[in-house]
Amino acid sequence: MIEYHISVYFTWHHIKSRSGYPDRTDAKMEIDTKEMFNPIKQDTFKDGSLRGYPNQIFFNYGALPQTWENPELIDPVVGCVGDNDPLDVIELCGQPIAMGAVVPVRLLGALCLIDQGEVDWKILAVQTH
């Protein structure tokens, strides 16, 4: 078995809430690929409204640096164009990772979602340290 170890840039994380508010909404953060230096900002829908998570999530959400899902190419697996973002990573260990941290991970697999007609690959991973 070949193991791949890579580093992931974590744009968003969630500290497990002990507040007792399971329906709390959390901001969905993304790398802004349109702004200089690609800051981490709250994601928006196509109409400009802010995106958020309707429920608590218990994983770390990040991206693979220097990757990109091209909106001009049709993905050969699912037949949709890319979402114009880096590849997303879902890190499953459950320990919070600081926003903006770069950590090594082991790849477990991939899951393809279609979001508003665009392909949005999610890479599943766990920390290696």
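Side chains of Asn38 and Asp32 form no contact here, defined as non-hydrogen atoms less than 4.5 Å apart. Glu69 is listed as a side-chain neighbour of Asp120, based on a closest heavy-atom distance under 4.5 Å. Contact check for Gln116 versus Phe45: side-chain heavy atoms found under the 4.5 Å cut-off. Within the 4.5 Å cutoff, the side chain of Pro104 has heavy atoms near those of the Thr128 side chain. With contacts defined as side-chain heavy-atom distances shorter than 4.5 Å, the pair Leu107/Ile123 qualifies. With a 4.5 Å cut-off on side-chain heavy atoms, Trp68 and Asn84 count as touching. With a 4.5 Å cut-off on side-chain heavy atoms, Val81 and Glu72 do not count as touching.
For the atom pair OH (Tyr61) and CE (Met29), the distance works out to 12.0 Å, reported to the nearest 0.5 Å. Going from atom CG of Asn60 over to atom CE of Met99 covers 11.0 Å, rounded to the nearest 0.5 Å. If you take NZ on Lys34 and NZ on Lys41, they are separated by 10.0 Å, rounding to the nearest 0.5 Å.
Summarising the geometry of Cys80 relative to Gly117, their closest heavy-atom pair is CB-O, 3.7 Å, with the distance given to 0.1 Å. Taking each heavy atom of Gly82 and Val119 in turn, the nearest pair found is CA-CG1, 3.5 Å. Nearest heavy-atom pair across Ala125 and Val89 is CB-CG1, 4.0 Å. Heavy atoms only, all atoms of each residue included: Ile97 and Ala101 are closest at CG2-CB, 3.7 Å.
Judged purely by distance below 3.5 Å, without hydrogens or angles, the side chains of Trp121 and Asp83 never pair a donor atom with an acceptor atom.
Side-chain atoms of Thr67 come within 3.5 Å of backbone N or O of Leu87 as a donor-acceptor pair. In this structure a side-chain-to-backbone donor-acceptor pair under 3.5 Å is present from Glu91 to Gln127. For Asp75 (side chain) and Val78 (main-chain N/O), a donor-acceptor pair under 3.5 Å exists by modelled atom type.
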Please report the C-alpha distance between Leu92 and Leu108 in whole Å, then the side-chain angles of each, then the deciding distance to 0.1 Å, and finally whether the side-chain contact (heavy atoms from CB on, under 4.5 Å) criterion is met.
-> CA-CA 10 Å; Leu92 301 168; Leu108 302 176; 4.1 Å; yes
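Checked for salt-bridge contact, Glu30 and Arg51 miss the test: no charged N lies under 4.0 Å from a carboxylate O.
Enclosure of atom CG in Leu50 by more than 12 non-hydrogen atoms of other residues, nucleotides or ligands within 6.0 angstrom is indicated.
If you chain together hydrophobic residues whose side chains sit under 4.5 Å apart, Leu73 and Ile114 never meet in one group. In the hydrophobic clustering of this structure, Val126 groups with Phe59; members are Ile, Leu, Val, Met, Phe, Trp, Tyr whose side-chain heavy atoms approach within less than 4.5 Å, directly or through other members. One hydrophobic cluster, built from ILVMFWY side chains closer than 4.5 Å, cannot hold both Leu111 and Val105; they sit in different ones.
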